[in-house]
Amino acid sequence: MTTTTPTLLEICIDSYDSAVAAIRGGANRLELCAALSEGGLTPTVGLLREVRKLADAARPVQLYAMIRCRRGSDFCFSDPELAIMVADLRLLAEHGADGFVFGALTEQAEIHREHCRLIAEEALRLGKPVTFHRAFDCTAVDTMGENLRLVGSLGFTTILTSGFESTAVRGLENIQRLAELAKRLRSPSCQDLEFLRLMQGIFFSRPDAGLFMRRPDRLPREGEQAVCPWEVAQRMEKVCSCVMR
């Protein structure tokens with residue numbers, strides 16, 4: 001007998017109206033941001049509170065909040081900026097965030113261990129899971145295995161990636177490699193990492209969203225979720241996602 005693996009669709013939103021539309025459209029999780037035009041920044045508490053009321057009145061929908069205090073493509077932050085983001089995280093957790101999305105790099109485009117550990121530890125102290133966002137794609141592709149292990153050891157439970165490329169279609173081969181690496185790290189034989197439960201997020205953007213809708217079989221079958229900006233999803237009659245364990 002064939003079993004069906006549950007699916008999870010996450011949609012990035014940066015306004016109340018887009019949250020309404022995403023929930024009506026079937027989203028299981030919303031990634032709350034400000035300024036998606038800048039890649040997503042920390043949302044306001046006001047937006048979170050109103051979307052929390054909306055979700056609670058509709059059906060179970062997880063709300064993850066982006067933690068990113070300013071624009072910029074380097075994902076490098078100063079110590080005062082880290083303090084700002086820790087304060088934002090605490091406030092958003094207090095007002096109903098179910099989890100957080102964060103990523104930080106060094107000036108050498110390597111994962112910043114201390115900054116990422118600081119945010120992850122604070123989120124986990126509050127009982128909230130934390131996702132490593134697409135800053136992962138700014139690291140060296142030949143270190144993906146090391147970085148996957150590092151991200152898990154720092155406390156992150158999810159990675160969002162387009163496979164080190166601008167679109168998930170172009171990065172599909174790397175996404176499949178990451179999925180296989182994550183599967184190995186979850187193996188009982190990997191004793192030092194038996195706590196690790198990672199899933200790759202496939203970030204949809206036009207025009208590849210339609211391709212993945214029509215061909216979900218092209219996606220790896222272990223540990224994924226679908227992540228889609230609402231401006232993409234609202235142009236589609238139905239949004240499909242890949243499977244998640």
Side-chain angles (χ1 to χ4, degrees), residues 7-52 54-55 58 60-73 75 85 88-89 92 96-104 119 123 128-138 156-163 165-169 171 175 199-213 219 224-236 238-242 244:
T7 61
L8 185 151
L9 174 64
E10 177 174 340
I11 293 181
C12 307
I13 62 99
D14 63 358
S15 71
Y16 183 83
D17 287 346
S18 59
V20 171
I23 290 173
R24 288 177 179 171
N28 306 106
R29 179 188 294 164
L30 301 183
E31 181 183 312
L32 272 65
C33 304
L36 277 175
S37 60
E38 300 293 345
L41 303 178
T42 305
T44 66
V45 168
L47 176 62
L48 171 62
R49 290 179 63 179
E50 292 307 308
V51 175
R52 179 82 276 166
L54 171 70
V61 178
Q62 298 175 345
L63 304 182
Y64 277 36
M66 173 68 76
I67 299 297
R68 183 169 171 241
C69 63
R70 61 162 172 81
R71 60 181 292 184
S73 59
F75 303 106
M85 290 187 285
D88 285 340
L89 184 151
L92 290 164
D98 295 309
F100 296 97
V101 181
F102 178 77
I119 293 294
K128 310 292 184 179
V130 59
T131 292
F132 198 98
H133 61 45
R134 292 179 70 219
F136 191 85
D137 289 342
C138 296
F156 291 81
T157 56
T158 309
I159 292 176
L160 303 182
T161 181
S162 58
E165 298 287 351
S166 58
T167 69
V169 169
I175 291 169
M199 57 185 176
Q200 282 69 56
I202 313 304
F203 191 91
F204 292 152
S205 60
R206 298 184 75 188
D208 54 332
L211 172 61
F212 278 95
M213 281 176 57
L219 294 168
E224 291 82 42
Q225 70 184 74
V227 182
C228 180
W230 180 247
E231 61 268 22
V232 175
Q234 65 184 342
R235 293 177 170 83
M236 300 186 285
K238 183 178 179 181
V239 181
C240 300
S241 72
C242 43
M244 185 188 74

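Just so it is clear, the model here is predicted, and its values are computed rather than measured. Numbers here simply count residues along the sequence, with the first being 1.
- Using cut-offs of 30° and 60° for the angle between ring planes, the F132 and F156 rings count as perpendicular.
- No side-chain heavy atom of K128 sits under 4.5 Å from any side-chain heavy atom of L89.
- Using a 4.5 Å cut-off on side-chain heavy atoms (C-beta onward), F75 and R68 make contact.
- Under the side chain to side chain contact (heavy atoms under 4.5 Å, CB included) criterion, V20 pairs with Y16, R24, L54, not counting sequence neighbours.
- Proximity of T157 to V130: side-chain heavy atoms (C-beta onward) are nowhere separated by under 4.5 Å.
- Around CZ of R49, the count of heavy atoms belonging to other residues, nucleotides or ligands within 6.0 Å does not exceed 12.
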**Message:** Between T131 and I159, does the side chain to side chain contact (heavy atoms under 4.5 Å, CB included) criterion hold? Intermediate values first, please.
**Reply:** CA-CA 6 Å; T131 292; I159 292 176; over 6 Å; no

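- Within the 4.5 Å cutoff, the side chain of F100 has no heavy atoms near those of the I119 side chain.
- Here M85 contributes atom CE and L41 contributes atom CG; the two are 11.0 Å apart, rounded to the nearest 0.5 Å.
- For the atom pair CD (E10) and CG (N28), the distance works out to 9.5 Å, reported to the nearest 0.5 Å.
- Of all non-hydrogen atoms in E165 and R134, the two that sit nearest each other are O-NH2, 3.9 Å.
- The side chain to side chain contact (heavy atoms under 4.5 Å, CB included) check on A55 picks up I23, R52, V61, with sequence neighbours excluded.
- Residues meeting the side chain to side chain contact (heavy atoms under 4.5 Å, CB included) test with A27, sequence neighbours left out: I11, A22, L30.
- Taking both residues in full, the closest heavy atoms of A65 and A97 are given as CB-CB, 4.4 Å, listed atom of the first, atom of the second, then distance.
- P43 has its side chain out of reach of L48: every pair of non-hydrogen atoms, C-beta onward, lies at least 4.5 Å apart.
- Counting only distance, with no hydrogens or angles, the side chain of D98 and the backbone of L63 share a donor-acceptor pair below 3.5 Å.
- Atoms CZ and OG, from R71 and S37 in turn, are 8.5 Å apart once rounded to the nearest 0.5 Å.
- The SG atom of C33 lies 9.5 Å from the NE2 atom of H133; values are rounded to the nearest 0.5 Å.
- Looking only at side-chain heavy atoms (C-beta outward), I67 and V101 stay at 4.5 Å or farther from each other.
- Minimum interatomic distance between L47 and T44 (heavy atoms only, all atoms of both residues): N-OG1, 3.0 Å.
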**Asked** Do L92 and L32 pass the side chain to side chain contact (heavy atoms under 4.5 Å, CB included) test, and can you show the C-alpha distance, the side-chain angles, and the key distance before you say yes or no?
**Response** CA-CA 11 Å; L92 290 164; L32 272 65; over 6 Å; no

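- Between A19 and I13, the closest heavy-atom pair is CB-CD1, 3.9 Å.
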